[in-house]
Amino acid sequence: MNEEEFFEVLKKHNQEHVIRQYELASDEKKAFLISQVANMNFEEIEELYSLTQSFRGFDNFNIEPINAQDAEALSEEEKNELIKIGEDIIKNKKVAIIMMAGGQGTRLGHYGPKGTFDFGLPNHKTIFETYVDQFKIAKEKYGVAVPWYIMTSRENNNSTVEFFKNNNYFGYEEGIKTFFSQSELPMLDEDGKLILDENGLIKEAANGHGGVFEALVKNGILQELQDSGIEWVFTCGVDNVLAPMVDPLLLGYSKKNNYMATSISCIKENPDEKVGMLCYKDGRPSVVEYTELTDDLRYAKKENGELLLSEAHIMMNLFNCDVILGISKEKLPYHVAHKKCNMMDREGNVHVPENPNAYKFETFIFDAFERLDKMGVLRYKREDCFAPIKNATGNDSPETARKLYLAKHGMN
Ligand code: UTP
C-alpha cells in the first residue's frame with residue numbers, strides 16, 4: 001500500500017484522525033501505520049462496530065443441560081481401562097499440549113506474561129514452571145517428552161520466549177516445541193473510530209482464545225503436528241495451576257467414546273460464579289457465557305435440586321486433530337468486551353480513562369463446539385483441577401490458587 005492509497009482508505013472509512021497522527025509521526029512509525037492499515041479489513045471492522053450496538057442474548061435459543069461423565073462415578077475397572085487407553089496414546093507420542101497464553105491478564109495486573117507470575121509458592125516457582133514440573137513427571141512415567149506449544153500474542157511473544165530462554169527452558173527444552181502468535185484485531189472507541197495508542201500507532205489486541213484454531217493453521221503447527229503423528233491436542237489456558245497437562249483418563253475417555261472433543265468440567269460453585277456453562281444450544285454442544293446467561297437460566301434447578309446448568313467450562317479441552325482444520329476454516333462469532341484503554345487524542349495527548357472507553361473483539365474457543373454433533377464432558381472434582389489466577393485479590397486470585405495448589409500437592 002502506498003501513501004496515497006493509505007489516505008484514500010482511511011477517508012473512505014471515516015478514519016481521518018489516523019492521517020493527522022501519521023503526519024506527525026517519524027518515518028519508521030509512518031511505515032508501521034501504513035502496514036497496519038494495509039492489513040486491515042475495514043468492512044469487517046465496520047461489522048464489528050455494529051455488534052457493539054446490539055446485545056447477543058441467549059433468550060432466543062433453546063438451552064438444555066449437557067450430560068457429563070463424573071470421573072468419580074467410574075468404577076475402578078472402568079477407570080483403569082480408560083487410563084490404559086490414554087497411556088498408550090501418550091507413549092505412542094500421539095498427544096500434544098497447546099497452551100493459550102496470548103491474553104492480556106488485565107485483571108491480575110502483573111507486568112509481563114501471566115505465565116511468568118510468581119503466585120507465592122514457598123519455592124517461588126512461576127506459573128509456567130509448575131507446568132514444567134508436570135511435564136517432567138510425565139516424562140519420567142511414560143518415557144516421552146510430551147510436546148508443548150505455547151500460543152502468545154504480538155504483545156507478549158518476545159517476553160515469553162525470553163523468559164524461557166533465560167531460564168534454560170527449566171530443563172524441558174526437548175518438549176517445548178514452538179511459541180506461535182495469534183492474530184490481532186483493532187480496538188475501537190465508542191464512536192467506532194480506530195484507537196491510537198500512547199505511541200500514536202493503531203491499537204490492536206489479540207483476537208481471543210478462539211483465535212487458536214486459525215493460529216495453529218496459519219503458523220503451520222497443525223501440519224507439523226499431523227506430520228509427526230499427533231492425533232490429539234489438549235488446549236488449556238495459562239492461568240489454571242491445577243490444569244492436568246498430561247491426562248490419560250481424558251484421552252482414554254474421548255477415544256473409547258469416539259468423541260472428537262471433550263471438555264473437562266467441574267460443578268459450578270454457586271449460580272453467580274463467573275464461569276461459562278456447558279450446555280446444548282438448539283441441540284448442539286455449546287457454552288453460555290456468564291455475561292450472556294439470563295436470570296431464569298442462571299437459577300433454574302433440576303427436580304433433584306441441582307442447578308440445571310451445572311457443568312462449568314474451565315478452559316480445558318481435548319480436540320482430535322481431524323476436526324481442527326474444519327473449525328479453522330469457518331469464522332467463529334465475535335464477542336465484544338468494553339475495556340479501559342489509554343488513547344491518544346487528535347492533539348497528541350494521552351488519556352488514561354477511569355471507565356471503559358474502548359471495544360475489544362474476541363472469539364472464544366468454546367464457540368467451536370457448535371461445529372460438532374456431539375462432544376464429551378468429563379467432570380472432575382473442583383479441588384483436583386481448577387485453581388485459576390484471574391484477579392489480583394479476592395476470588396480466583398494468587399492467594400486462592402496458591403492454597404488450592406498446596407492442598408493438592410499435600411504441601412499445607
Ligand atoms: P481470559 O479470558 O481469562 O483473559 O483468558 P486474560 O487475558 O488472561 O485476562 P483478562 O481478562 O485480561 O484479565 C483465558 C485464557 O485464554 C488466553 C489467556 O492467556 C488465558 O490463558 N487468551 C485469552 C489467549 O490466549 N488469547 C486471547 O486473545 C485471550
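Counting starts at 1 for both ligands and their atoms, following the listed order.
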Return the protein residues near ligand 1 (heavy atom under 4.0 Å from any of its atoms), ordered by chain and residue number. Met100, Ala101, Gly102, Gly103, Gln104, Gly105, Thr106, Arg107, Lys114, Met151, Gln182, Ala206, Gly208, His209, Gly237, Val238, Asp239, Lys339, Glu362, Lys390

So among Thr106, Asp396, Thr400, Asp239, which one has a side chain to side chain donor-acceptor pair (under 3.5 Å) with Lys390? Asp239

Working note: Glu370 + Ser286, criterion side chain to side chain donor-acceptor pair (under 3.5 Å); need CA distance, chi angles, decisive distance, verdict. CA-CA 6 Å; Glu370 290 178 34; Ser286 185; 3.0 Å; yes

Decide if the gap between the ring center of Tyr131 and the ring center of Tyr172 is smaller than 6.0 angstrom. no

What do you reckon, are the aromatic ring centroids of Tyr380 and Phe386 less than 6.0 Å apart? no

Under 3.5 Å side-chain donor-acceptor pair for Asn207 and Gln182: yes

Apply salt bridge (charged side-chain N to carboxylate O under 4.0 Å, His left out) to Lys403 and list each qualifying residue two or more places apart in sequence or on a separate chain. Glu399

